[in-house]
Amino acid sequence: MIRWQNLLDKLSTDDPVLQERLSFWRTHPHQEPLALIQGFSFISANRATLTYFGTEYDAFVNATPYDFSPRIQSSGRNSVESAREMILEAIAGNHVEFNWLHLNQQGNELPTRITLYRCYLQQQAVILVELQALNRRNQIRESISDGFAHIPKEILSTTLEESAEAVYITDADNKVLAVNKAMCRICGYSAEQLINKTPDFLEARGLNVGEETECQTALKQRGSWQGETLKRRSDGSAFPAWQSSRKIVTDDGAVFHVNIFSDISTKKLLETQLTTRAMYDTLTGLPNRFHLKQILNGALENLKKDPLSLGALMFLDLNGFKNINDSFGHSMGDRVLQLVAARLEAGCIDKADIARMGGDEFTLVLQDCSCKDEIQLFAEQILSLFDSPFEIEGQKFFLGTSIGIALFPTHSDQAGQLISLADTAMYCAKKSQPHLVFYDKAMSQAAELKLKLINNLRHAHSLKQFTLAYQAIVDLHTNLPVGAEALLRWQKSPTEHFDAAEFVPLLEETGLIVGIGQWALEEACQQAALWRAQYQSDFRISVNVSPLQLEHVDFVGQVTTALEMSALPANALILEITESALLRQPELARHTLKRIKDLGVSIAIDDFGTGLSSLSRLGTLPIDSVKIDAEFALRLSDISGQRLCHAIVQLAQALGINFVAEGIETQRQKDIVTNMGQGCAQGFLFGYPTSVEQFTQTFLAEKHIA
């Protein structure tokens, strides 16, 4: 786990107020809930924050503030949009403080006062978040008189006359006895036109002769009424009003009815606008997720009238949209989404109902289809809409889309489940050409298995289920071990064991790899230090690094911490980086690798030859060795395979760096690679990945190589 104290010590700011706060927090790092945000995601938090949300560190890191929030805040604003707006304001250097409604892991509401501070971590802007719980407690107040008994009648009369709400008083026969100015102003009548009249003509809903209003009936039965009614002005126009009426009987038995109402036209208009906002996406004007469910429910109801009819829900996700946001900013991304929505509308007129789910996800609802082939043909037409680029201000943006399709009622007759099934199919479509997939049951089974594994992974570290296995790296010419590669393993139970390829991609997908990778790095460094002290003073340890770790704002600090904790010399550590990690954010990767190199740590490119990285970039990176992928070892039996492997060895020699041949399983493979030049190798020929005890006994205590 990344140490909170270590991160606090590295934070810097030129704000004197924040400097004072930081001094206090460094002395009391876990007293108040604090967290760090980079981009729009949490990168770390103290124990007080984890306790506040009732969550674990691994589940918190890489989550967003709106992952712990309801969809809509109490203000009526969307949590995602509002949170991003506040974070951007803080990044701009403004002091940001606001009330926010969080949800803990149990779903309980957490009213919170949030303060955002911009500061710097390793020269990168981050947001320090301070959380203060808002305790809403009922306070017992002293009961006192309302005071009206002591107010002169003249003042009460004037107050009633000048009230902004319409007031009129009628007698037992429903004749108007008195009206105030607001009554005349709102209805457009003078006092003379109203007094001594029955106020039925003010009702916009026509009454039959002798028919009573709901208000009149209620006054007779229970003496009071309150509700919405429709009034009519003198010009004939109608307006909605909220009315309260009460019967009052005086000491001498006289009956009066006091009626108070207000014009709620503006309020009703606002309600309509709010309903529209709640039903439609503000960016594109398309129906939103909530509205989509209503559309689907309506379509499912229509099926009951024609059971032989077929419908489809298409779930679309844009391919390549993230690159637009990352390269051109969210403002340009929003404009592209508007163009996508317009193109979809033009291509689906009278054929489908379109909705935007959020982000770059859209849905189409088709009804009254005759067969699956008709739906397939329409989906292909939607795919063709993305053949042409989207152009804004002379800039062309090429986007594709992946479409997952769920049929109703074939796959489900429930709106929520249909959305889930189409979403599942869409994720499968992203992995296959031509990015168009119909749902089938096997997808759900695979998704359920994946979800189960992810849930188990979230608790695996706290349950101490992760271990490291070590595989020897040997000198090809001396057959002696020069080091070992630390390999992550997951021992879920005595009978369930997972290799890295089975679960590391899930760790990366969920962001858990950052914390687990830090643990693996520290564990491997400590073990290497023990082996150097007890058996082989020049022993080196090689540790794999995920792209997410490399991009973490404090990765260099994590490496430094691991070395300091274990007292391992920097030159004894080799970090293995895949070519794909270098392609994600090249400039950031180059900068981070240079800082690691400055520490004295060695850098190896893992699985070299499979990532298609450019040779020009390779020559500019501060690397010490390349690990030739095991695929090349499998091809050493033919001439072309030998030539490819030899070419990589020659490239390494030309760059003045070492090579390690992976996947060596036979003596013949070893002999061929040995003749290519001075280097190292690892593979089953020398030994399988094994536990600490077995590795020590086999490779260090006895100095024996199989």
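When only modelled atom types and interatomic distance are considered, T229 and Q243 share no side-chain donor-acceptor pair under 3.5 Å. S331 and D334 share no donor-acceptor pair across their side chains, judged by distance under 3.5 Å alone.
Under the rule for a salt bridge (Lys or Arg N to Asp or Glu O under 4.0 Å), the partners of E85 that lie at least two apart in sequence or sit in another chain are R77. The side-chain hydrogen bond (donor to acceptor under 3.5 Å, both in side chains) search around Q338 returns none, not counting sequence neighbours. The side-chain hydrogen bond (donor to acceptor under 3.5 Å, both in side chains) test applied to Q124 returns Q38, not counting sequence neighbours. Under the side-chain hydrogen bond (donor to acceptor under 3.5 Å, both in side chains) criterion, K430 pairs with D317, N319, not counting sequence neighbours. Every salt bridge (Lys or Arg N to Asp or Glu O under 4.0 Å) that E97 has, sequence neighbours left out, goes to R113. In this structure, the ring pair (Phe, Tyr, Trp, His ring centres under 6.0 Å) partners of F498, at least two apart in sequence or on a different chain, are W490. Scored by the salt bridge (Lys or Arg N to Asp or Glu O under 4.0 Å) test, D353 finds no partners at all (sequence neighbours excluded). In this structure, D423 has no salt bridge (Lys or Arg N to Asp or Glu O under 4.0 Å) partners at least two apart in sequence or on a different chain. Listed by chain and residue number, E32, E130 satisfy the side-chain hydrogen bond (donor to acceptor under 3.5 Å, both in side chains) test with R21 (two or more places apart in sequence, or in another chain).
Other residues, nucleotides and ligands place no more than 12 heavy atoms under 6.0 Å from the CZ atom of R246. Within a 6.0 Å sphere centred on CD of E214, other residues, nucleotides and ligands contribute 12 heavy atoms or fewer. The neighbour count for F239 CZ, taken as heavy atoms of other residues, nucleotides or ligands under 6.0 Å away, is above 12. Within a 6.0 Å radius of NZ in K322, other residues, nucleotides and ligands contribute 12 heavy atoms or fewer.
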Verdict with supporting geometry, E361 and R356, side-chain contact (heavy atoms from CB on, under 4.5 Å)
CA-CA 6 Å; E361 296 177 337; R356 181 187 176 212; over 6 Å; no
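A donor-acceptor contact shorter than 3.5 Å links the side chain of H102 to the backbone of F68. Looking only at distances, a side-chain donor or acceptor of D15 sits under 3.5 Å from a matching main-chain atom of V17.
With rounding to the nearest 0.5 Å, the separation of NZ in K431 from OG in S402 is 11.0 Å. Expressed to the nearest 0.5 Å, how far CG of D413 lies from CG of L418 amounts to 8.0 Å. Distance check: N46 CG to W4 CH2 gives 5.5 Å after rounding to the nearest 0.5 Å.
Ring planes of F60 and F53: tilted class, angle from 30 to 60°.
Here salt bridge (Lys or Arg N to Asp or Glu O under 4.0 Å) pairs that include residues 449-466, with residues two or more places apart or in two chains, are K450-E509. Residue pairs meeting the ring pair (Phe, Tyr, Trp, His ring centres under 6.0 Å) criterion with at least one member in residues 400-424, sequence neighbours excluded: H411-Y439.
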Which donor-acceptor pairs under 3.5 Å do side chains of residues 292-301 form with protein atoms, sequence neighbours excluded?
residue: N297; atom: ND2; partner: K293; partner atom: O; Å: 3.0
residue: E301; atom: OE2; partner: K304; partner atom: NZ; Å: 3.0

